Amino acid sequence: MSKGEELAGILLKGSVTDAWDYIEKYNHLSNLEIYQDIITPAMIYVGQLWENFEITVADEHLASGVCDFILARLASKYKSKSEDHDAPKAMFLCLEGEQHNVGLKMTASLFEEKKWDVKFFGANLPVQYALKAAKEWEPDVIGLSVSIATHLPKLKEYTEVFTYLPKKPTILVGGRLTSMYNLQTFAANNPLIITNLYELNEWISNYQMEGRTNAIN
Amino acid sequence: MQLIDFELPLPFLKANNTGQIISYSYQAEEIFDLSQGVLLNLIDEGSIKKFENARAIAGKNMCFEANLKTKTSQITLFDVYITWDHEHNAYMQFAVKEKDNERLFEKLQELQNRLAATDFELYEKKEMLERTLLRLDELSGPFIPLSNSIAYIPLFGDITQEKISIISERCYHAVSNGEYSLNLIDVTSVGYIYDDGVLKLKEMIKGLRLITGGEVKLIGMSPKHTPIFHKYNFESIVETNHSLSKVLNMSVS
């Protein structure tokens, strides 16, 4: 049984203590490794169990609730309010109607680890609120998550409105659909599609080392 | 595609093996957009595989969850009840499930909001404190073999149920690895005794007697402890009127 399958079994039992004890066994790994190699496969496996008639949506929600706890605790290991007023800023949100925000949380956490100033808006943020927040806060990066195909048409709307922002933030798009569709065709202005967290982590490091322009290239 | 004209408790569709809708009920027409006449058009992308899986095991009556597109919503969770005939036509009825789960999701959302406000530094300190308290309980009743046949268990601090549970577990394990005919539980250094603690202690004494087949004596009892031990009738299961030196002298002589 893979680590993802083991963790999925524990998440579905609903015990935050057992789930945390399991994660603690891998405390020699970085959060990045735990996110990509243990938690992501676990949540994918939970989805597969639903597809195979083995669990219900209520079970899935229970698993993601327990997973939320693990993520919050893992993130808190490195979380500290950035003292640097010039720290780059990143905001994260799910498109309207989207409830799946586990991936987005892991993404936001990686930015926080690298001392970015982060705002996490979570699930289901309508485009007008997202735009208002971005206008006021002026982030360098906006991360969007989309997991349900019926929400794809909205991706164009979101990616388009952000291009009118004076600061021209880099738009990142992630979520379950990145491996299933060519999301560039559903988005405006060529956003960066994130298919895995190692890739993202490297992108953040490049951004910080070489500056915004090189990171995009 | 044919409208069937009888009352059913839930929306109904009949589709053939290729997913063409053959017949439907009034209720189905009210909820779903059936203009294309194709089942696939009603299914959310994330649920298509479930229908394919269901078709693969056609012949088996089943109920499963699936997200479907309705006239008013792009995605709604339904329970799909499905049966098959010999030509692999599927007979389906659909029960909306969103409402059933609503309360659960609200509760979960509340918990997630609380989680967002959790100070994990404090949480971890609390956990550390709990571990320390557990360790203290473990250390409050060491198991000391005085000889091959005499075990000595001095208890320290207040007697609580949690503490005696931890101590008794360790003592049962220790006595089962030896042959102790005399087990001395010393309460000289005990402070306050809680009712649930004394009941657990009674259980522990019975347990030790059963495992060792030997004698258990409660020693070092002070006048302040007498009422509670008397209240729980300890005299009936254990000797209580001795000090450590007296018991040791007796066992030597």
Side-chain angles (χ1 to χ4, degrees), chain A residues 14 16-17 20-21 24 47-80 95-102 105 108-109 120-124 146-154 175-177 180-181, chain B residues 41-57 60-70 73-80 82 96-125 127 130-131:
Chain A
V16 288
T17 316
W20 182 249
D21 286 347
E24 280 273 83
Q48 287 168 350
L49 291 176
W50 184 75
E51 276 185 348
N52 293 331
F53 315 113
E54 289 177 52
I55 59 167
T56 65
V57 166
D59 293 320
E60 271 192 301
H61 279 266
L62 178 66
S64 85
V66 178
C67 189
D68 252 349
F69 176 86
I70 296 175
L71 292 181
R73 205 158 166 187
L74 281 171
S76 76
K77 277 188 179 178
Y78 300 100
K79 198 186 255 178
S80 59
L95 305 196
E96 188 173 3
E98 281 285 345
Q99 300 295 340
H100 299 86
N101 63 12
V102 168
K105 276 192 177 155
S109 161
F120 184 79
F121 290 93
N124 187 24
V146 56
S147 301
I148 293 177
T150 47
H151 297 144
L152 273 178
K154 290 182 194 150
R176 190 177 69 93
L177 299 180
M180 301 160 74
Y181 295 88
Chain B
N41 281 7
L42 310 181
I43 307 170
D44 173 66
E45 160 276 335
S47 294
I48 291 173
K49 201 168 166 214
K50 288 192 95 165
F51 278 86
E52 285 172 355
N53 289 344
R55 193 175 57 173
I57 47 173
K60 193 179 161 196
N61 297 346
M62 59 195 301
C63 169
F64 60 87
E65 286 180 338
N67 284 310
L68 302 176
K69 299 171 197 169
T70 67
S73 161
Q74 275 295 301
I75 183 162
T76 304
L77 185 67
F78 283 86
D79 264 336
V80 181
I82 190 164
V96 180
K97 211 173 176 188
E98 300 276 284
K99 279 185 189 144
D100 296 346
N101 286 338
E102 227 163 65
R103 276 189 56 198
L104 172 75
F105 299 156
E106 274 170 19
K107 194 81 202 155
L108 204 58
Q109 190 60 49
E110 263 175 48
L111 291 172
Q112 283 171 346
N113 292 343
R114 272 181 60 192
L115 186 63
T118 302
D119 182 335
F120 275 91
E121 218 170 297
L122 277 179
Y123 183 88
E124 272 165 21
K125 280 195 179 136
E127 274 201 333
E130 280 171 357
R131 279 198 295 272

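As the structure is a prediction and not an experimental result, all values here were calculated from the model. Naming: A, B, ... by sequence-line order, numbering from 1 per chain. The figures here come from the full heavy-atom set of this structure, side chains too, leaving out hydrogens, waters and symmetry mates.
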**Message:** Is B/N53 close to chain A through its backbone or its side chain, or both, or neither, when contacts mean heavy atoms under 4.5 Å?
**Reply:** both
**Side chain, backbone, both or neither of B/N67 within contact of chain A (heavy atoms, under 4.5 Å)** = both
**Asked** Okay, side chain of B/K50, backbone of B/F64: is any donor-acceptor separation there less than 3.5 Å?
**Response** no
**Request:** List the atom of B/G46, the atom of A/R176, and the distance in Å for their closest heavy-atom pair.
**Result:** CA-NH2, 4.3 Å
**Request:** Please name the pair of heavy atoms, one in A/N124 and one in A/G97, separated by the smallest distance, quoted to 0.1 Å.
**Result:** OD1-N, 2.7 Å
**Request:** Check each atom of B/E65 against the heavy atoms of chain A and say whether the ones under 4.5 Å are side chain, backbone, both or neither.
**Result:** both
**Prompt:** Shortest non-hydrogen contact from A/E98 to A/A123?
**Reply:** O-CB, 3.3 Å
**Portion of B/A66 that has a non-hydrogen atom of chain A nearer than 4.5 angstrom** = backbone
